[in-house]
**Q** 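Here it is, the structure in full.
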Amino acid sequence: MCGIVGYVGRQPAAPILIEGLTRLEYRGYDSAGIAVLGSSGATVVRRVGRVRELEAALPKRLAGTVGIGHTRWATHGPATEANAHPHSSEDGRISVVHNGIIDNAGALRARLGAEGVTFSSDTDTEVLAHLVARSGAGALEDRVIDALEQVVGTYAVAVLDAEQPDRVVVARNGSPLIIGVGDREMFVASDVSALVRHTSSVVHLDDGELAVVTAKDYRTFTRDSHDTGRVPTEIEVSADDVEIGAHGHFMAKEIAEQPETVARMLRGRLDTRFGTARLDGLNLSPRELRAFRRVKILGCGSAYYVGELGALMIEELVRIPAHAEAASEFRYRNPIIEPDTLYVAVSQSGETADTAFAVREIKRKGGQVVGLVNVVGSTIARECDGGIYLHAGPEIAVASTKALTHMGVGFALLALLLGRVRDLSVADGQRIIAGLERMPADIAAVLADEERIAGLATELSAAESLFFIGRVRGYPVAREGAQKFKEISYRHAEAYQTSELKHGPLALIEESRPTVAVIPDDELTDRNLAAAEQVLARGGRVVAISHPGVDLGPLDDRRVDVPRNEVELDPILLMIPMQLLAYHAAVALGLDIDKPRNLAKSVTVE
Ligand code: AGP
């Protein structure tokens, strides 16, 4: 959703801010703006629309070396230039950019209005600019503390003061904020992808922390002015990871790189001799792992669907009950937290508000929660008791692909470890390890069939509405397939358990409403085939996602084959053609694939 960048250094700030905002475009936004400090105060430029429109609107001479920028996703007030950030105090001295929501903005606006302040926007953020400006304190950092003391809500903020032009003051509470440490220059961002071209040395702020950032230095401290002395850590992300390269879209790039990223994720994590996984980051001893009697998985959207797939894997390999639930529901229903349950929060961004709240609720009630998270140092990763980093690299396209595959692999590793401290035999553990080792080549084999899958996708793209069906292991695959398809093609795609089709939805089957059926080679193949044939018999069209050697009979002309791996791991591979079907359907429809309408990459609001 919204994005923040900031710069203090020796170079002109504007091009660096614009470049940083471009890197944050993938998060979703409707307007953008920057403020740059110069000899005559702050120059603020804002525009509705894309960052390139903002860039075109900048004055030719904008030489200041200190500035902040923002991409806005409207929450308080529509997407207008007046509502775009940065927001300024009435005299223009203070400029503020803000991610998050100020819950008591209404009351603060009323109070400031009564004191004679004139507002120029509908936003909650503008309140902050006026509060900082009206603070009696001297140094900008003290003024910001003063203002934040009056605010209830979540925020990442970056603040400029035209009368203290050597610094940016930043603060975090519930929304990520990172400082990038350079050579006599410093960067600020809400997301590492905005910094990676400049530095790999970063400082993650914690909730309740602030920092004053100058060209030479930074200082971190709490709201009661205690220094926290945060030191930088090195990030693994490189500039190439956030470049589109030769690919037409980030989504295509992210699908294509899966063989390589999955191989990287597995490196050092497989213990063939003992048929188990090495997951030191979980911070759990074998005795502690063995004591869990249940697993509960929490995630949102696609992460939740892969969680369902993970729960099945855990039940099959560990033989303890495992269940996935949407974190967005869990957090609102006063959940029962049990001491012998292992809670697993799964998230690509590590910033999804609903999942982060679920983690806090579990911890508040004394539960043990580990994370399966992609973004290193993200909120969920840091708030969990331990975890497994997914190491998929930055995922820029809003529609998640490689991170979901990595989540599937992460669940396989967790299931392997939990299984081996219980009753999974060494031989079975080694069988799963061999399957995981084959996975990069298996993914590459599916990708090699892209042209044919693209042909089927083009055919499917003509339909206004589709079914995706699967059962047991195939059902989460169908759910994720439908999700991916609807996200970027804007077609109505509904997932159903194959077994449930006859209990209602068969009434909707007709030629114009095709079905994508997951029909793996497993104990349910015959039943799945029978159900798909019922669809054909009612005039429906079926694309089958299957395994080589399965006799699909009348479905044979529209089949996609995925290499057969181990039966417990097959669902991970069955998701790959779903990615390609969705991608190529959206290509055929000429849509904005990486930034689908109404969606954001990380949903940091409730
Ligand atoms: C995936 O394609 C979606 N954009 C969305 O459902 C996503 O998986 C969900 O919002 C959770 O995001 P997270 O993994 O960053 O927590």
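Fair warning: this is a prediction, and the values are worked out from it, not measured in the lab. Numbering of ligands and ligand atoms starts at 1, following listing order.
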**Q** What about the rings of His70 and Tyr29, do their centers lie closer together than 6.0 Å?
**A**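 Between Tyr29 and His70, which both carry aromatic rings, the centre distance is not below 6.0 Å.
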**Q** Scan side-chain atoms only and decide if Asn374 and His391 contain a donor-acceptor pair under the 3.5 Å cut-off.
**A**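 No.
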**Q** Is the Lys NZ or Arg CZ of Arg360 less than 6.0 Å from the centre of Phe357's six-membered ring, within 45° of the axis?
**A**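 Flagged: Arg360 positioned over aromatic ring of Phe357.
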**Q** Measure from NZ or CZ of Arg491 to the centre of the six-membered ring of Phe485 and say whether it is under 6.0 Å with the direction within 45° of the ring axis.
**A**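 No, cation not above the ring by the 6.0 Å, 45° rule.
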**Q** So which protein heavy atom does atom 10 (O) of ligand 1 come closest to, and at what separation?
**A**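 Closest protein heavy atom to atom 10 (O) of ligand 1: Val603 CG2, 4.2 Å.
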**Q** For atom 12 (O) of ligand 1, what is the nearest protein heavy atom, given as residue, atom name and distance?
**A**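 Ranked first by proximity to atom 12 (O) of ligand 1 is Thr352 OG1, 3.5 Å.
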**Q** Provide the number and element of each atom of ligand 1 under 4.0 Å from a heavy atom of Gly301.
**A**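 Going through ligand 1 atom by atom, the ones under 4.0 Å from Gly301 are 6 (O).
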**Q** So, regarding Lys601 and ligand 1 (criterion: nitrogen or oxygen to nitrogen or oxygen, under 3.5 Å), is there a contact or not?
**A**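 Looking only at distances, the answer is no, because the N/O contact criterion of under 3.5 Å is not met.
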**Q** Provide the closest heavy-atom pair for Ala194 versus Arg23 in the form atom of the first, atom of the second, distance.
**A**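 Smallest interatomic distance, heavy atoms only, reads CA-CB, 3.8 Å.
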**Q** Counting each atom of ligand 1 from 1 as listed, which ones have a heavy atom of Ala303 under 4.0 Å away?
**A**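 Those qualifying, in numeric order: 8 (O), 14 (O).
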**Q** Of the listed options (Gln348, Gln579, Glu487), which comes nearest to atom 3 (C) of ligand 1 when hydrogens are ignored and any heavy atom counts?
**A**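 It is Glu487 that holds the nearest heavy atom.
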**Q** Say whether Lys484 and ligand 1 are in contact under the criterion: heavy-atom distance to a ligand atom below 4.0 Å.
**A**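 Distance cut 4.0 Å: Lys484 passes for ligand 1.
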**Q** What residue and heavy atom of the protein are closest to atom 1 (C) of ligand 1, and at what distance?
**A**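 Of the protein heavy atoms, Ser302 OG, 3.2 Å lies nearest.
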**Q** Are Leu413 and Arg278 side-chain neighbours, meaning at least one heavy-atom pair lies under 4.5 Å?
**A**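 Leu413 vs Arg278: side chains apart.
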**Q** Test ring pair (Phe, Tyr, Trp, His ring centres under 6.0 Å) on Tyr496 and Phe468 and set out the steps.
**A** CA-CA 6 Å; Tyr496 236 89; Phe468 283 72; over 10 Å; no
**Q** Quick one: look up the protein heavy atom nearest atom 15 (O) of ligand 1 and list residue, atom name and how far away it is.
**A**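 Result for atom 15 (O) of ligand 1: Ser349 OG, 2.6 Å.
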**Q** I'd like to know if Val398 contacts ligand 1, where contact means a heavy-atom distance under 4.0 Å to any ligand atom.
**A**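 Yes, that is the case, since the closest heavy atom of the residue is under 4.0 Å from the ligand.
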**Q** Would you say the side chains of Glu19 and His198 form a donor-acceptor pair under 3.5 Å?
**A**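 Yes, side-chain donor-acceptor contact under 3.5 Å.
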**Q** Tell me which protein heavy atom sits closest to atom 9 (C) of ligand 1, plus the residue, atom name and distance to 0.1 Å.
**A**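 Protein heavy atom with the smallest distance to atom 9 (C) of ligand 1: Cys300 O, 3.4 Å.
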**Q** With atoms numbered from 1 as shown, which atoms in ligand 1 lie under 4.0 angstrom from a non-hydrogen atom of Gln483?
**A**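 Ligand 1 atoms under the 4.0 Å threshold to Gln483: 6 (O).
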**Q** Is a side-chain N or O of Asn173 found less than 3.5 angstrom from the main chain of Asp207, in a donor-acceptor match?
**A**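 No: the side chain of Asn173 does not pair with the backbone of Asp207.
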**Q** Val562 and Ile576: side chain to side chain contact (heavy atoms under 4.5 Å, CB included), yes or no, with the steps?
**A** CA-CA 9 Å; Val562 170; Ile576 309 290; over 6 Å; no
**Q** Heavy-atom contacts with Ser400 under 4.0 Å: which atoms of ligand 1 show up? List them by number with element.
**A**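 Once the distances to Ser400 are compared, the set is 1 (C), 2 (O).
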**Q** Within the 4.0 Å heavy-atom shell around Ala399, which atoms of ligand 1 are there?
**A**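 In order of number, 2 (O).
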**Q** Does ligand 1 have a heavy atom under 4.0 Å from the side chain of Glu351, from its backbone, from both, or from neither?
**A**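 None of Glu351 does.
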